[in-house]
K.L.:
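This is the structure, below, for whatever I ask next.
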Amino acid sequence: DAEQMAIATGKPVAILVARLTRSFTERLLGNPKKSVELTEGMFEILHRSYALIPLMNLIIVRGNALAEIGQIEDSIALIRSVIDICEKFRVPAWIGPLYNCLGYCYGEIYQIERAWKFNLKSEEIARNLLEKYPMGRRQWAHAIAQAETSIVENLLDQRKIDEAWERIKATDQES
């Protein structure tokens, strides 16, 4: 399998990327606990290696998986710490998706107003980046779609069905 092939290379980043891919797959298959297990210790290693793209993907996968198994405080702390790093070093590409993850965490514990605030912030950041850097169109469009999905979920949680439906139609037309 990919993880064994990566181990054979002896390259830490290759190993971590293979494990990250597997943890993402485990989460999609409905096994967030396994996803958390697979990502244990990866943050520290990737953080030290300055492998930014795998690190950001790790935070999103691990943060969401932690929230799904009820470790909300750990998830929020992890995501907030990385948002702080991104803001400090001006890495705007990941701030929007990270705010969306933060919104997801608050949505999981039914703090809908906080979730709403972070999801709207995520959408705003992604839209600004789309205007400012059109060459990243696919990446920003993906971030906008994720934020829109979260916003619709927030509206449904608030029983604002008509507003949710309007957002769905607007997103469909925009895409």
Side-chain angles (χ1 to χ4, degrees), residues 1-89 91-110 115 118-119 121-123 125-126 129 135-154 171 175:
D1 82 338
E3 191 172 353
Q4 293 303 319
M5 287 176 26
I7 290 170
T9 69
K11 296 181 180 177
V13 174
I15 295 166
L16 294 173
V17 169
R19 284 184 64 207
L20 178 60
T21 302
R22 182 164 172 226
S23 69
F24 177 75
T25 304
E26 289 291 345
R27 185 173 167 260
L28 287 178
L29 293 173
N31 195 357
K33 187 174 183 178
K34 183 67 175 177
S35 183
V36 169
E37 289 171 14
L38 287 166
T39 59
E40 199 66 44
M42 289 175 66
F43 175 79
E44 294 78 12
I45 295 167
L46 286 172
H47 187 263
R48 281 185 299 223
S49 72
Y50 300 102
L52 192 59
I53 293 172
L55 177 63
M56 292 305 151
N57 284 308
L58 166 72
I59 300 310
I60 291 169
V61 170
R62 185 169 175 81
N64 285 336
L66 284 167
E68 289 169 354
I69 64 171
Q71 294 182 15
I72 300 293
E73 290 95 9
D74 293 340
S75 179
I76 290 172
L78 176 67
I79 294 167
R80 281 188 183 275
S81 71
V82 177
I83 287 172
D84 291 344
I85 291 168
C86 286
E87 289 177 342
K88 180 179 177 181
F89 293 106
V91 184
W94 291 96
I95 294 174
L98 288 167
Y99 273 116
N100 195 53
C101 287
L102 199 53
Y104 174 79
C105 291
Y106 283 107
E108 286 293 290
I109 55 175
Y110 301 102
F118 289 123
N119 296 140
K121 188 170 187 168
S122 172
E123 178 193 32
I125 291 167
L129 289 170
M135 65 281 201
R137 189 161 201 72
R138 277 186 43 207
Q139 181 179 353
W140 312 136
H142 185 254
I144 290 167
Q146 287 178 320
E148 285 293 334
T149 300
S150 297
I151 290 167
V152 167
E153 287 177 3
N154 294 150
T171 301
S175 65

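Worth knowing before you read on, the calculation uses all heavy atoms, side chains too, and leaves out hydrogens, waters and symmetry mates.
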K.L.:
Please round to the nearest 0.5 Å and tell me the distance separating atom CG of Asn57 and atom CH2 of Trp94.
P.N.:
4.0 Å

K.L.:
Between the side chains of Arg62 and Thr39, does any donor sit under 3.5 Å from an acceptor?
P.N.:
yes

K.L.:
What's the spacing between Cys101 SG and Ile60 CD1 if we round to 0.5 Å?
P.N.:
4.5 Å

K.L.:
Would you name the heavy atoms of Asn119 and Gly103 that are closest together and state the gap between them?
P.N.:
ND2-CA, 3.7 Å

K.L.:
At their closest point, which heavy atom of Cys105 faces which heavy atom of Ala67, and how far apart are they?
P.N.:
SG-CB, 3.9 Å

K.L.:
Where do Gly96 and Ser122 come nearest, in terms of heavy atoms and distance?
P.N.:
O-OG, 2.6 Å

K.L.:
Could you check whether any side-chain heavy atom of Lys121 comes within less than 4.5 Å of a side-chain heavy atom of Ile95, counting everything from C-beta outward?
P.N.:
no

K.L.:
Atom CG in Leu102, atom CD1 in Ile83: separation rounded to 0.5 Å?
P.N.:
5.0 Å

K.L.:
Rounded to the nearest 0.5 Å, what separation is found between the CE atom of Met56 and the CD1 atom of Ile85?
P.N.:
6.5 Å

K.L.:
Of the non-hydrogen atoms in Arg19 and Glu40, which two are nearest, and what is the gap between them?
P.N.:
NH2-O, 4.1 Å

K.L.:
State, to 0.1 Å, how close Trp140 and Leu129 come at their nearest heavy-atom pair, and which atoms those are.
P.N.:
NE1-O, 3.4 Å

K.L.:
Are the side chains of Val82 and Cys86 in contact, using a 4.5 Å heavy-atom criterion?
P.N.:
yes

K.L.:
For the backbone of Ser35 and the side chain of Ser23, can you confirm whether one donor and one acceptor N or O come within less than 3.5 Å of each other?
P.N.:
no

K.L.:
Arg27 and Ala65: which non-hydrogen atoms are nearest, and at how many Å?
P.N.:
NE-N, 3.9 Å

K.L.:
To the nearest 0.5 Å, how far apart are CG in Leu38 and CG in Asn31?
P.N.:
8.5 Å

K.L.:
How long is the straight-line distance from CG of Leu29 back to CZ of Arg22, given to the nearest 0.5 Å?
P.N.:
10.5 Å

K.L.:
Under 3.5 Å, which donor-acceptor pairs link side chains of residues 142-152 to any protein atom two or more places apart or in another chain?
P.N.:
residue : atom : partner : partner atom : Å
Glu148  : OE1  : Arg167  : NH1          : 3.1
Glu148  : OE1  : Thr171  : OG1          : 3.4
Glu148  : OE2  : Arg167  : NH1          : 2.9
Thr149  : OG1  : Ala145  : O            : 2.9
Ser150  : OG   : Asn100  : OD1          : 3.1
Ser150  : OG   : Asn100  : ND2          : 3.4
Ser150  : OG   : Gln146  : O            : 3.2

K.L.:
With sequence neighbours excluded, give me every side-chain hydrogen bond (donor to acceptor under 3.5 Å, both in side chains) pair touching residues 72-84.
P.N.:
Arg80-Tyr106

